[in-house]
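Excluded from the calculations below are hydrogen atoms, water molecules and symmetry mates; all remaining heavy atoms, backbone and side chain alike, are included.
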Amino acid sequence: EVQLVESGGGLVQPGGSLRLSCAASGFTVDDYAVGWFRQAPGKEREAVSCFSRWHGSTYYADSVKGRFIISTDNGKNTVHLQMNSLKPEDTAVYYCTAAPVSYSQPGCPVNDRSYDYWGQGTQVTVSS
C-alpha cells in the first residue's frame, strides 16, 4: 500500500525557512515522479515543484524559483522541500504527491490530475 506522510510545516516569519519532509512507503521515490502542491484558502491547488529521477527533470513554479529546493533521500525513501526566503503568499497547505513515471512524457507532471497518491497535507503559515 502506497502511503505519503508529510511533516515539517508550521509558523514562520517572513524571510525565514522551513523544510518539509514526505516519508514514502509502498514504493521507491526514485522510481516515481514526486512533487509538492499547495492550496491557499479560496484558491485552487497549484504545483510548487516536482522531480523525476528517471527523466532527470525538475520543475519549480515561477513564484518559488530560486527559493525552494526539492530533493529525495533514497536511503530514507523521503522527499524534501527546502523553503527559503518565505513570503506571506507562501501560506498554504502543502501536499506531497507521487505517480508512476510516465515514459511518454518529457518530465514530471505539473497537473495534479496526473498524480495518483497524496499525503494528508501540512500547514505552512508565513506571518509576522
Side-chain angles (χ1 to χ4, degrees):
E1 179 187 5
V2 172
Q3 282 194 322
L4 300 169
V5 179
E6 300 104 332
S7 61
L11 173 65
V12 64
Q13 291 188 342
S17 297
L18 280 175
R19 188 173 85 150
L20 304 183
S21 298
C22 174
S25 58
F27 71 100
T28 301
V29 295
D30 279 350
D31 293 339
Y32 273 47
V34 293
W36 291 90
F37 283 69
R38 67 186 181 186
Q39 188 166 22
K43 294 188 176 181
E44 291 189 355
R45 188 162 56 186
E46 64 174 351
V48 175
S49 179
C50 69
F51 171 70
S52 167
R53 187 170 297 280
W54 188 87
H55 289 93
S57 71
T58 307
Y59 164 85
Y60 294 101
D62 287 343
S63 58
V64 307
K65 276 181 185 175
R67 301 188 297 122
F68 290 12
I69 301 172
I70 189 171
S71 63
T72 60
D73 182 336
N74 202 27
K76 296 182 179 180
N77 211 34
T78 300
V79 185
H80 298 291
L81 184 69
Q82 177 67 42
M83 305 187 295
N84 302 318
S85 302
L86 282 161
K87 305 175 180 180
E89 51 264 44
D90 294 319
T91 295
V93 177
Y94 284 70
Y95 298 91
C96 176
T97 186
V101 168
S102 173
Y103 301 108
S104 64
Q105 297 299 314
C108 57
V110 298
N111 186 325
D112 60 357
R113 293 190 298 273
S114 297
Y115 286 92
D116 301 307
Y117 307 106
W118 293 83
Q120 81 285 358
T122 185
Q123 176 71 46
V124 172
T125 302
V126 184
S127 175
S128 55

Any link between Val110 and Val34 through a network of hydrophobic side chains (Ile, Leu, Val, Met, Phe, Trp, Tyr) touching at under 4.5 Å? no
Which atoms form the tightest heavy-atom contact between Leu18 and Gly8, and what is the distance? CD2-O, 3.8 Å
Return the OG1 to CZ distance between Thr58 and Arg53, rounded to the nearest 0.5 Å. 9.0 Å
Determine the minimum heavy-atom distance between Gly35 and Ile70, stating which atoms define it. CA-CD1, 4.3 Å
Should Trp36 and Cys96 count as side-chain neighbours, where that means a heavy-atom distance under 4.5 Å? yes
Return each pair, listed once, that meets ring-ring contact (aromatic ring centres under 6.0 Å, His included) where at least one residue sits in residues 50-73; pairs must be two or more places apart or across chains. Trp54-Tyr103
Return the OG1 to CG distance between Thr125 and Asp90, rounded to the nearest 0.5 Å. 11.0 Å
Say whether Val29 and Tyr95 are linked into one hydrophobic cluster, either directly or through other cluster members, by side-chain heavy-atom distances under 4.5 angstrom. no
Using side-chain heavy atoms (C-beta onward) and a distance below 4.5 Å, is Thr97 in contact with Asp112? no
Taking all heavy atoms of Pro14 and all of Ser128, pick out the closest pair and write down the distance. CD-N, 3.7 Å
Is Glu6 reaching over with its side chain to a backbone N or O of Gly121, donor-acceptor style, under 3.5 angstrom? yes
List the steps, then state whether side chain to side chain contact (heavy atoms under 4.5 Å, CB included) holds for Ser25 with Asn77. CA-CA 7 Å; Ser25 58; Asn77 211 34; 5.6 Å; no
What heavy-atom pair brings Val124 and Leu20 nearest, and what distance separates the two atoms? CG2-CD2, 4.0 Å
Are Arg38 and Ser63 close enough that some pair of their side-chain heavy atoms sits under 4.5 Å apart? yes
Shortest non-hydrogen pair, Cys108 vs Ala33, comes out as CB-CB, 4.3 Å
Could you give all pairs that pass the ring-ring contact (aromatic ring centres under 6.0 Å, His included) test and reach residues 15-34, with sequence neighbours left out? Phe27-Tyr32
Locate the shortest heavy-atom distance separating Val101 from Ser52; write the atom from each residue and the value. CG2-OG, 4.1 Å
As an exercise, state the distance from CD of Gln13 to CG of Leu11, rounded to the nearest 0.5 Å. 8.0 Å
Counting only pairs under 3.5 Å, give me each side-chain donor-acceptor contact of residues 79-87, with atom names and distances, residues two or more places apart or in other chains.
{"unit_1": "His80", "atom_1": "ND1", "unit_2": "Ser21", "atom_2": "OG", "d": "2.9"}
{"unit_1": "Gln82", "atom_1": "NE2", "unit_2": "Asn84", "atom_2": "OD1", "d": "2.9"}
{"unit_1": "Asn84", "atom_1": "OD1", "unit_2": "Ser17", "atom_2": "OG", "d": "3.0"}

Under 6.0 Å from the CD atom of Glu89, do we count more than 12 heavy atoms belonging to anything else shown? yes
To the closest 0.5 Å, what do you measure between OG1 (Thr91) and CD (Gln123)? 7.0 Å
Find out if a path of hydrophobic residues (ILVMFWY) with successive side-chain heavy-atom gaps under 4.5 Å connects Val93 to Val48. no
